[in-house]
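In what follows, every chain begins at residue 1, and chains take the letters A, B, ... in the order their sequences are listed.
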Protein chains: 2
Amino acid sequence: MLATGTWVEMDPLCPFSLANLPLAIATTPGQSEPHVVSAIGPYIIELPALIDSLGEVDYADLVRYGDRRRLAAALSAGSLLDLAALGQDVPRRLRSALQELLSDATSFPHVLRDNPAARARVLAPAEQARFRMPVAVADYTDFYAGYHHARAVGAMFRGADKALMPNYLHLPVGYHGRSSSVVLSGTPVRRPVGQILAAGPTPVTAPTRKLDLELELGCIIARGSGLGERVPVDEAGAYILGYVLLNDWSARDVQKWEYVPLGPFNGKNFATTISPWVVTPDALEPYRTRPSVELGVEPQPYLKQAREDRVFDIQLEVDLTTAEGVTVPISRTSSRHLVWSFDQMVAHHTLGGCPLRGGDLLGSGTISGPGGPCEAGCLLEATLDGSKPIKVQSDGKTVTRSYLEDGDTITVRGFCGPEGARVGFGECAGRIEAARWP
Amino acid sequence: MLATGTWVEMDPLCPFSLANLPLAIATTPGQSEPHVVSAIGPYIIELPALIDSLGEVDYADLVRYGDRRRLAAALSAGSLLDLAALGQDVPRRLRSALQELLSDATSFPHVLRDNPAARARVLAPAEQARFRMPVAVADYTDFYAGYHHARAVGAMFRGADKALMPNYLHLPVGYHGRSSSVVLSGTPVRRPVGQILAAGPTPVTAPTRKLDLELELGCIIARGSGLGERVPVDEAGAYILGYVLLNDWSARDVQKWEYVPLGPFNGKNFATTISPWVVTPDALEPYRTRPSVELGVEPQPYLKQAREDRVFDIQLEVDLTTAEGVTVPISRTSSRHLVWSFDQMVAHHTLGGCPLRGGDLLGSGTISGPGGPCEAGCLLEATLDGSKPIKVQSDGKTVTRSYLEDGDTITVRGFCGPEGARVGFGECAGRIEAARWP
């Protein structure tokens with residue numbers, strides 16, 4: 001086993017290394033009300049129990065946040081926004097405290113490492129956790145910052161020479177999504193019914209025949225900005241709580257018929273799945289990089305970000321598991337193919353004075369690599385709208401798909417870092433259920 | 001003075017007749033916490049104080065809702081959703097009770113009419129009320145159901161023969177709006193900054209030069225539907241709390257540059273103003289009518305509404321008041337020009353299983369009449385995108401506008417019914433403040 005730096009035994013491929021320590025909301029046998037947890041290896045970390053178990057001196061030395069009762073209340077809340085409301089430094093201090101406590105060379109062995117009773121209270125097997133939404137989603141906005149996706153889809157519909165609309169080079173194109181249908185990983189996705197134009201000029205109302213996934217990264221906003229207030233691009237980081245995996249399920253036939261002139265509606269608003277784990281900006285900081293593509297035009301001043309390493313190099317994987325239980329990989333790519341950063345999205349979103357609120361969710365847009373179908377973040381792109389089905393093999397079995405079938409499960413994973421020090425999101429998964437129709 | 005049917009002295013043109021009795025959330029000198037109020041003539045009705053003042057027998061005879069403590073709590077809440085949660089019949093009973101108490105021939109004269117002390121507690125001069133948002137807006141969806149507007153704007157951009165997109169005849173076109181910037185009447189509207197394509201292929205970032213209003217009717221949803229659940233069109237009424245006036249401010253130059261292919265974003269999300277008064281479906285029931293236009297195609301089965309009088313004939317007025325205080329009328333029209341009802345919008349919105357939530361706001365889309373600029377619900381349409389400014393006279397002064405100027409106030413009003421029995425919304429107003437720029 002590779003060195004992981006922690007006394008907690010773990011698989012070096014586990015996404016929850018000592019370098020990560022993400023946040024989630026869960027219920028557990030030890031605490032049946034929703035509360036804040038973190039993760040290390042195969043365990044979740046019961047944060048309220050941890051704070052409770054610390055003596056005054058250890059608390060002061062480790063956590064260094066004066067109002068212990070307020071912190072305990074925030075960690076016992078059913079949303080990460082209570083913790084975020086204490087200021088960005090508090091999650092940071094908590095993560096440092098956890099790294100200190102869990103490291104091989106901890107100076108506080110009596111708190112957990114050498115304290116079986118405390119360990120039993122604070123570390124619970126991850127499979128015992130029932131996750132909840134990390135925040136109540138306020139507004140959901142979906143951007144379109146995946147360059148290769150925007151280009152490939154544009155070329156399909158408008159030809160290669162007009163693949164990108166002129167505005168794409170100058171602003172992070174985005175639209176308002178539906179927050180009421182943002183659901184947690186594991187929630188079944190019912191195949192939606194919609195209006196579809198099949199043969200002839202008259203539409204039919206029927207279950208979608210073109211049910212698709214969209215591989216995205218999500219960003220959760222920590223706190224609000226005022227009505228009429230612009231957030232400068234280099235201050236946007238102060239508004240970001242963390243990141244999630246996001247699958248923006250889409251019904252392509254519904255979308256195609258409805259979307260002109262006001263944009264996607266029922267083709268998108270039936271479900272958007274996010275991962276329960278929120279990975280912190282601090283954990284992702286070492287994996288910052290420049291976008292894989294530069295747009296080649298001078299950005300408007302409000303979008304000029306000081307740092308060049310403005311996106312993350314997160315390895316992204318999409319697997320499909322059939323109703324029969326055959327699992328095949330259908331996409332492998334990286335979030336460095338985003339050409340606009342979340343900081344730029346925040347600056348653009350607030351340019352006209354639109355207020356952010358804590359709990360807002362920003363989607364990156366579909367992320368695809370430049371390498372063809374096996375790097376595409378959706379089936380629309382991978383199969384050229386179903387005209388060239390993908391065929392994927394695994395263990396001698398072949399799975400062929402134009403679009404998703406009932407019983408299919410889509411599982412998205414994302415991680416950075418070497419074995420033993422993985423910073424990952426865990427899973428963002430959803431299974432397709434048959435339409436209720438008529 | 002015309003007969004109004006109530007012992008409360010009032011102007012027969014007042015929108016708050018005995019036939020109306022709308023709901024709002026306000027604070028008053030008598031109750032400083034936000035609570036539910038109604039209105040009669042020049043007074044607001046303090047509903048918690050009224051319930052409190054009723055003896056047991058009067059309460060039972062008038063209100064006929066068993067759990068008095070629960071009702072009192074809902075009326076002392078800062079949102080109308082608490083009242084809605086008691087079931088649609090409870091606001092209905094409250095309205096009947098108020099009509100009984102306030103009518104000339106009341107059988108309960110001792111409660112208010114002949115009881116000066118109770119009158120003083122229950123009826124407060126309307127100018128003493130400070131209104132709050134009637135609900136916390138959950139998701140905001142804006143439709144496009146104003147036929148003449150859709151046709152006129154389509155003709156401007158695509159020519160008269162392609163004015164309506166093919167989908168317009170078959171579904172209530174709509175898009176997801178931004179709920180964080182829905183504000184109450186009276187909130188100043190800051191001129192937004194945005195990306196604008198002026199001369200040449202490169203945009204500039206600047207305050208909008210094409211700030212517009214959009215005259216709409218809004219519908220507030222009373223309660224949620226489940227994920228994956230379709231609301232049948234003839235059951236949609238059970239989900240509707242009531243109606244408000246709505247002005248969906250728009251920056252046309254920003255919108256034009258950004259909206260392809262995913263729809264309006266910063267051109268719309270800086271402010272949407274609603275009226276504080278929510279007019280109930282019961283009050284509007286006598287003013288139901290057929291839409292002024294029929295689309296001439298067989299609707300999809302899920303959109304077939306049993307009743308033909310599916311929209312309301314609400315007289316709508318838009319006035320502009322300049323910084324110098326000159327007020328001119330700029331539009332007069334009716335909500336019977338909507339071709340899709342809110343029931344149809346609800347059925348369409350949930351067709352794919354998108355869940356509604358209590359507090360959702362649906363906008364009708366801009367409402368215009370067929371009669372040219374003086375019936376247009378926005379300046380884009382009235383001035384042909386600024387190319388033919390409107391000139392309006394009042395009291396010997398002429399006001400000319402292509403788009404809105406700093407210091408302009410737009411006031412929307414809406415009402416049904418004859419003098420002495422008006423069912424109106426009061427005002428939905430906003431004043432334009434200069435951009436903060438650079």
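Only the backbone of A:Pro438 comes within less than 4.5 Å of a heavy atom in chain B; its side chain stays farther off. Using a 4.5 Å cut-off between heavy atoms, A:Pro207 does not touch chain B at all. Looking at A:Asn266, only its side chain comes within 4.5 Å of chain B, counting heavy atoms on both sides. Both the backbone and the side chain of A:Leu351 come within less than 4.5 Å of a heavy atom of chain B. Looking at A:Val297, neither its backbone nor its side chain comes within 4.5 Å of chain B, counting heavy atoms on both sides. Contacts of B:Leu227 with chain A are made by side-chain atoms alone, with heavy-atom separations under 4.5 Å and no backbone atom involved. In this structure, chain B has a heavy atom under 4.5 Å from the side chain of A:Tyr144, while its backbone stays farther away. Only the side chain of A:Arg230 comes within contact range of chain B, judged by heavy atoms closer than 4.5 Å. For A:Thr350, no part lies near chain B; criterion is any non-hydrogen pair under 4.5 Å.
B:Asp212 places no side-chain N or O within 3.5 Å of a backbone atom of B:Ser250 that could act as its donor or acceptor partner. Proximity of a side-chain donor or acceptor of A:Arg178 to a complementary backbone N or O of B:Pro355 within less than 3.5 Å is detected. No side-chain donor-acceptor contact under 3.5 Å links A:Gln255 to the backbone of A:Phe265. Of the possible donor and acceptor atoms, none in the side chain of A:Thr141 sits under 3.5 Å from a partner among the backbone N and O of A:Tyr175.
With respect to chain B, the highest number of heavy-atom pairs below 4.5 Å among A:Trp437, A:Phe270, A:Trp257 belongs to A:Trp257. If you tally non-hydrogen atom pairs under 4.5 Å between each of B:Met165, B:His170, B:Glu298 and chain A, the highest count goes to B:His170. Here A:Gly177 is the residue among A:Gly177, A:Gly228, A:Gly194, A:Ser181 with the most heavy-atom pairs under 4.5 Å with chain B. Of the listed residues B:His348, B:Gln195, B:Arg191, B:Arg190, the one with more heavy-atom pairs under 4.5 angstrom with chain A than any other is B:Gln195. Most heavy-atom pairs under 4.5 Å with chain B, from the set A:Glu258, A:Glu433, A:His349: that is A:His349. In terms of non-hydrogen atom pairs under 4.5 Å with chain A, the most contact-rich of B:Ser180, B:Gly263, B:Gly352, B:Pro203 is B:Ser180. Considering only heavy-atom pairs separated by less than 4.5 Å from chain A, the leading option among B:Asp360, B:Val193, B:Leu356 is B:Val193. Heavy-atom pairs under 4.5 Å with chain B peak, among A:Ser179, A:Gly154, A:Pro192, A:Gly353, at A:Ser179. Interface summary for chain B: among A:Thr208, A:Val204, A:Val254, the most heavy-atom pairs under 4.5 angstrom belong to A:Val204.
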Could you go through the side chain to side chain contact (heavy atoms under 4.5 Å, CB included) check for B:Thr272 and B:Trp249 one step at a time?
CA-CA 6 Å; B:Thr272 303; B:Trp249 307 92; 5.6 Å; no

Run B:Glu229 and A:Arg436 through salt bridge (Lys or Arg N to Asp or Glu O under 4.0 Å) and show every step you take.
CA-CA 9 Å; B:Glu229 181 189 331; A:Arg436 281 205 193 101; over 6 Å; no

Evaluate the criterion salt bridge (Lys or Arg N to Asp or Glu O under 4.0 Å) for residue pair A:Arg357 and A:Asp139; output intermediate values, then yes/no.
CA-CA 8 Å; A:Arg357 287 183 294 190; A:Asp139 275 300; 2.9 Å; yes

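How far CG of B:Leu303 is from CD of B:Gln344: 5.5 Å, rounded to the nearest 0.5 Å.
Cation-pi geometry between B:Arg209 and B:Tyr403 is not met at under 6.0 angstrom from the ring centre and within 45 degrees of the axis.
Ion pairing between a basic and an acidic side chain is recognised when a charged N comes within 4.0 Å of a carboxylate O; A:Lys268 and A:Asp142 show no such pairing.
Within a 6.0 Å sphere centred on NZ of B:Lys162, other residues, nucleotides and ligands contribute 12 heavy atoms or fewer.
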